[in-house]
Amino acid sequence: MPDVLEDLNDWRRTTYSTDVTPNLEGKGVTVFGRVVSIREQGGIAFIILQDMKGVVQVTVHKNKSPVTVSDKIGRLKQYSLVGFKGSVRSIAKAPHGAEIIPSEIRILSEPQKKLPFDPYGRVEQSIDKRLDMRVIDLLRPQSQAIFRIRSVVLEVMRQFLFEEGFIEVNTPKIIASATEGGAALFPLLYYDKEAFLAQSPQLYKEQLASVFEKVFEISSIFRAEQFRTLKHLSEAISVDIEQSYVTYTDVMELLERMIFYVVSSVNSRCEDKLSSLKVKLETPKLPLRRITYDEVLKILEKDGIGIEWGDDLSTASLKSYSKMFPQYHFIIDWPTSSKAFYIKPKRSNPEICESFDFMCGSVELASGGSRIDNRKELAKKLIEKGLEPKNFEYHLKIFDYGMPPHAGFGLGLDRLIMILTGVENIREVVLFPRDPQRLTP
Ligand code: ATP
Ligand code: MG
């Protein structure tokens with residue numbers, strides 16, 4: 001019935017749901033939001049309205065309300081978007097101890113179709129069904145909690161890095177050649193040429209660190225791997241930092257301080273969200289454990305898991321070893337052959353490089369290291385990795401004009417949010433996830 005719908009006109013919100021408290025007793029307020037539920041009992045209608053902050057109860061005593069209100073309440077549908085003007089009344093049983101007795105109601109929009117599932121209901125839907133209708137899914141209190149925590153993490157991470165003197169940069173995502181080689185790139189047609197989506201801002205951030213000294217970028221990375229796991233996506237968000245005149249030990253310290261700051265901030269600012277997700281976050285004790293790759297291999301050997309020196313740690317081996325290290329820690333000093341071409345080998349033993357993975361249990365959250373800052377050495381490493389130096393000339397030539405020693409890391413934001421919100425599937429923490437099976441919505 002379109003005739004019940006009205007325009008916003010001069011109505012504006014005066015109060016958010018969660019600010020409707022006994023302090024406002026008798027005061028007039030205007031609230032907006034979505035109707036979560038309508039419950040009728042003995043001539044009284046109890047409406048729960050959700051807005052961006054939470055919920056508020058609106059109570060209509062049918063025989064005491066203006067006719068227009070009772071009339072419209074009779075036709076009000078669940079999930080409609082409405083505004084109420086009314087006065088606040090304390091009542092212990094209502095959310096935050098107060099309700100609204102409305103004098104006017106405006107129905108601004110109402111559903112034309114049955115929702116695919118009830119976002120406020122108790123029935124668990126499969127993640128695929130929820131992702132197919134992600135915007136409806138985002139009304140769920142758990143989704144709300146996850147994405148509000150995610151936003152706080154982004155805010156405080158930026159705050160931390162700005163306070164450390166970093167500047168935020170944006171590098172191109174359409175690129176001419178692979179950063180790290182390998183096949184994990186999405187090709188695309190760039191006018192009449194072949195181009196790729198960037199798998200990392202690595203080379204650009206190194207170049208920028210040579211002039212700005214401390215740079216960071218928070219943006220999409222694209223990985224064209226054929227995975228079927230709960231912690232990979234085809235498009236992920238990476239927090240990349242690069243800093244001049246430091247080594248990998250310095251950027252590990254920066255990273256652990258950043259994690260400490262993020263966890264403390266989420267604990268103090270998102271208490272209600274964490275408790276709705278049933279998550280308790282322990283603030284990490286610094287310095288975090290640093291375990292060498294060789295030590296990890298020894299631990300695995302005791303567990304009967306043999307890893308060939310030089311190989312990456314398989315998911316199964318990480319699962320086993322992480323029983324001993326379920327918290328945040330670093331695995332350091334990886335075999336040079338297991339890391340990308342730009343990672344600096346140790347002077348004392350070039351078989352090992354100045355590198356680290358930042359872990360939480362078996363989940364890799366970040367990789368970083370000191371970088372090679374010498375053109376000849378970098379060109380040699382490209383060849384060793386089967387890459388063509390001429391494809392990297394645009395990068396190598398920068399080194400001819402002087403390159404400071406530098407180090408940095410790439411931290412997977414989505415993976416960090418998984419850990420902070422206690423979810424198993426990375427898709428839960430990404431608004432519109434991309435994986436080999438999913439390209440919409
Ligand atoms: P993995 O071994 O887990 O596939 P990686 O070593 O290939 O990761 P890096 O190139 O080191 O990944 O990227 C830095 C960080 O970016 C990773 O530690 C991870 O947190 C995140 N990341 C990388 N690839 C993905 C992906 N496909 N989906 C989600 N996050 C990713
Ligand atoms: Mg890595």
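Indexing begins at 1, ligand by ligand and atom by atom, following the structure's order. Not measured: the values here are computed from a predicted model.
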Glu364, N/O/S atom nearest the Mg ion (ligand 2): OE2
Polar contact flag for Ile426 and ligand 1 (N/O pairs, less than 3.5 Å): no
Nearest option to atom 7 (O) of ligand 1, as decided by whichever heavy atom of Arg415, Arg223, His232 sits closest: Arg223
Heavy-atom nearest option to atom 27 (N) of ligand 1, drawn from Leu416, Leu233, Leu365: Leu233
Could you verify whether a donor N or O on one side chain and an acceptor N or O on the other, from [X] and [Y], lie under 3.5 Å apart?
{"X": "Tyr79", "Y": "Asp118", "answer": "yes"}
{"X": "Ser367", "Y": "Asp357", "answer": "yes"}
{"X": "Gln144", "Y": "Arg148", "answer": "yes"}
{"X": "Glu217", "Y": "Thr171", "answer": "yes"}

Ring geometry between Tyr293 and Trp334 (parallel below 30°, tilted from 30 to 60°, perpendicular above 60°): tilted
Region of Gln199 that comes within reach of ligand 1 [heavy atoms, distance under 4.0 Å]: neither
Flag if over 12 foreign heavy atoms under 6.0 Å of CZ, Arg257: yes
Hey, which atoms in ligand 1 end up nearer than 4.0 Å to a heavy atom of [X]?
{"X": "Lys231", "answer": "28 (N), 29 (C)"}
{"X": "Gly410", "answer": "14 (C), 15 (C)"}
{"X": "Ala366", "answer": "18 (O)"}
{"X": "Ala236", "answer": "28 (N), 29 (C), 30 (N)"}

Test item: His232 and Ile426 side chains (from C-beta on) under 4.5 Å apart, heavy atoms: no
